[in-house]
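Just below is one structure, and these are the notes that go with it.
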Amino acid sequence: MTDIATLLEVGGPVAALGGGAAYARAKHPGIYWSTVGLPMSTARLLSSYGSVMEACGLTVAPSRLRVLAVKATTRREVRPVPPRRGIIRPTSTGLRLRLRLAPGQEPADVAASAERLRHAWGVHAVYVTTIKPGVVELRLVGFDVLRKVRMPRKIAADFLKIPVALREDATPFVRDYRTVPHGLTLGATLSGKSMYLRHLVAGLARQPVALVGIDCKRGVELAPFAPRLSALATDPDQAAELLPALIKEMEDRYDLIKARQGIAPATPDEEVTSDIWGLPEHERPVPVVLLVDEVAELFLVATKKEEERRDEMVTQLIRLAQLGRAAGIYLEVCGQRFGAELGKGATMLRAQLTGRVCHRVNDEASAKMALGDIAPESVSAACAIAPEQPGLAIAGDTSGGWSRIRTPYLSLADAAKTCHASAHLVPDLPALKPFRPNVPVRLVEPAAPVVKPRPVTD
């Protein structure tokens, strides 16, 4: 009886500890990783590194000098040599370590064994990145960071670089307009497309840029951001008037660049430019980001007159996509589908949109519209996104690379509050003044009357 009582006394705390660990792993994976997963995975890695590398075929035969040294000093068996391991650096989501590849190895050899390494060391995923020739970095992710997205606390934000989502390797996905000028975002209803757009607007609102919106859903998506918008069109008729103004603004900027190019021959080379970024800061016009929501509404027509208007708008969008980068005009186009069935010019416009983000879609053809021409391998991954995971998307680029990303939750009220607080950053662009949205004046509640203390009397 004494032994049973002792077991019960010891087993109670152990069971409670095990139950707490299971609860933390399910509900708070970050806490579980920091307290339990990180020490266990580190111990597995240190104790089994050599044998795991040998089982994965990532070892090479030792050099003759090493064989002679081992035989001369010890009687141990001469074993194959694994890649030299660097210092293990723990993070809040996993581990990072660098490997110096052995002669004859390449990064593709390590990437091909990523799934084996994941199981051997008990982590959620392993990603391989090339640092320099002969050196790769292993990023071990301890849990599914896309299940409950938390952006890193320290993100190196820069001008026209907006962190909008988290990649599956726990690094931020940054929308960089200087590197990828134009982008296309596709997704079905309730797929998280609007959340992605909110993060873009909220991030750009804090920077000295001009935001122009075309929202043919009567402005229900972009109207809450009106205090920060330089122009807003809420139907195709208004868009047909706004786009020529943007074309005129682009042409004026090209005239400014041409005037700078025609300066005297004695001008230093660094002052000769072919885009606005080479202009002196006091002469440089502010960048313009055009946000188009539900782009298909600009293509749909019912009459011959509307067809002519559609062709003009599509031509103007194509011109902005082809020529706008040098003038500092960038496009962010969103929609549910964007294929040749929309009409003339749709495919040509899509070809100019370098960055691609595909949320959950209703059919494979829609995924191919977004990713099929730049990263065909990612189409199946886009089709596998479940409706229960809004905000999850596949981000691809023209290099053929792609990754899973997920946008964190941002309420419409918080995004609108950010735009209202940064309304003073709206630049002065005379060409867009006629299209500036009317912002209703917020009623300020009167302050409570100050109650003065009454003197105490007898």
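What's counted below: heavy atoms across the whole structure, side chains too, no hydrogens, waters or symmetry copies.
Closest of all the heavy-atom pairs between C358 and A367 is SG-CA, 4.2 Å. Heavy-atom minimum distance, L58 versus P83: O-CD, 3.0 Å. Taking both residues in full, the closest heavy atoms of G213 and L222 are given as CA-CD1, 3.7 Å, listed atom of the first, atom of the second, then distance. What you find for L204 and V209 is that their closest heavy atoms are O-CG2, 3.5 Å. G187 and H359 get closest at one heavy-atom pair: CA-CB, 3.9 Å. Between A210 and L429, the shortest heavy-atom distance links the atoms CB-CD1, 3.6 Å.
Within the 4.5 Å cutoff, the side chain of P163 has heavy atoms near those of the M151 side chain. Looking at L95 and L38, their side chains come closer than 4.5 Å, going by heavy atoms from C-beta outward. Using a 4.5 Å cut-off on side-chain heavy atoms (C-beta onward), L166 and P152 make contact. When side chains are defined from C-beta on, Q322 counts as touching M348, because their heavy atoms get closer than 4.5 Å. For the pair L242 and L432, the minimum side-chain heavy-atom distance is below 4.5 Å. Counting heavy atoms from C-beta outward, R96 and T91 have side chains that approach closer than 4.5 Å. The closest side-chain heavy-atom distance from L46 to R85 is below 4.5 Å. The shortest distance between side-chain heavy atoms of L290 and L243 falls below 4.5 Å.
Within the structure, the side-chain hydrogen bond (donor to acceptor under 3.5 Å, both in side chains) test picks out the following pairs touching residues 169-188 (sequence neighbours left out): D169-T171, R175-E332, D176-T179, Y177-E332. Sorted by first and then second residue, the side-chain hydrogen bond (donor to acceptor under 3.5 Å, both in side chains) pairs with a member in residues 193-203 read S194-E221; sequence neighbours excluded.
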Item to complete: Quick one: do R253 and V288 satisfy side-chain contact (heavy atoms from CB on, under 4.5 Å)? Show the steps, please.
Response: CA-CA 12 Å; R253 295 186 177 198; V288 178; 3.5 Å; yes
Discussion item. Under the criterion side-chain contact (heavy atoms from CB on, under 4.5 Å), I'd like the reasoning laid out for V295 against L184: C-alpha separation, chi angles, the key distance, then a yes or no.
Written reply: CA-CA 10 Å; V295 66; L184 172 65; 5.5 Å; no
Discussion item. side-chain contact (heavy atoms from CB on, under 4.5 Å) for V52 and L117? Distances and angles first, verdict last.
Written reply: CA-CA 7 Å; V52 168; L117 299 178; 3.6 Å; yes
Item to complete: Evaluate the criterion side-chain contact (heavy atoms from CB on, under 4.5 Å) for residue pair I394 and I385; output intermediate values, then yes/no.
Response: CA-CA 9 Å; I394 304 297; I385 298 176; 4.3 Å; yes
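Within a 6.0 Å sphere centred on CG of L190, other residues, nucleotides and ligands contribute 12 heavy atoms or fewer. Environment of CZ in R436: crowded, with over 12 heavy atoms of neighbouring residues, nucleotides or ligands closer than 6.0 Å. Environment of NZ in K217: crowded, with over 12 heavy atoms of neighbouring residues, nucleotides or ligands closer than 6.0 Å. Within 6.0 Å of CZ in R325 there are 12 or fewer heavy atoms belonging to other residues, nucleotides or ligands. Dense packing is recorded around CZ of R89, with more than 12 heavy atoms of other residues, nucleotides or ligands lying under 6.0 Å away.
Ion pairing between a basic and an acidic side chain is recognised when a charged N comes within 4.0 Å of a carboxylate O; E251 and R319 show such pairing. Salt-bridge check for E115 with R118: passed, with a basic side-chain N closer than 4.0 Å to an acidic carboxylate O.
If you take CD1 on I214 and CG on L317, they are separated by 6.0 Å, rounding to the nearest 0.5 Å. Note: M313 CE to E308 CD = 12.0 Å, rounded to the nearest 0.5 Å. Rounding to the nearest 0.5 Å places OG1 of T315 at 10.0 Å from CG of L349. Put simply, SG on C383 and CG on N362 are 10.5 Å apart, with the number rounded to the nearest 0.5 Å. Atom CG of D252 and atom CD1 of I257 lie 11.5 Å apart (nearest 0.5 Å). Separating the CD atom in E241 from the CZ atom in R309 is a distance of 10.5 Å, to the nearest 0.5 Å.
Looking only at distances, no side-chain donor or acceptor of E364 sits under 3.5 Å from a matching main-chain atom of A382. Checked by atom type and distance alone, the side chain of S48 never pairs as donor or acceptor with a backbone atom of S51 at under 3.5 Å. The backbone N or O of P280 lies less than 3.5 Å from no partner atom in the side chain of E283, so there is not a single donor-acceptor pair. At least one donor-acceptor pair closer than 3.5 Å links the side chain of S422 to the backbone N or O of A205. The main-chain N or O of R147 is found under 3.5 Å from a side-chain atom of R406 such that the two form a donor-acceptor pair.
In this structure, R284 has no side-chain hydrogen bond (donor to acceptor under 3.5 Å, both in side chains) partners at least two apart in sequence or on a different chain. Among residues two or more places apart in sequence or in another chain, the ring pair (Phe, Tyr, Trp, His ring centres under 6.0 Å) test is passed with F225 by none. Taking F299 as the reference, F338 meet the ring pair (Phe, Tyr, Trp, His ring centres under 6.0 Å) condition, with sequence neighbours excluded. Under the side-chain hydrogen bond (donor to acceptor under 3.5 Å, both in side chains) criterion, D255 pairs with no residue, sequence neighbours left out.
Counting only N and O atoms by type, the side chains of R337 and S366 include a donor and acceptor under 3.5 Å apart.
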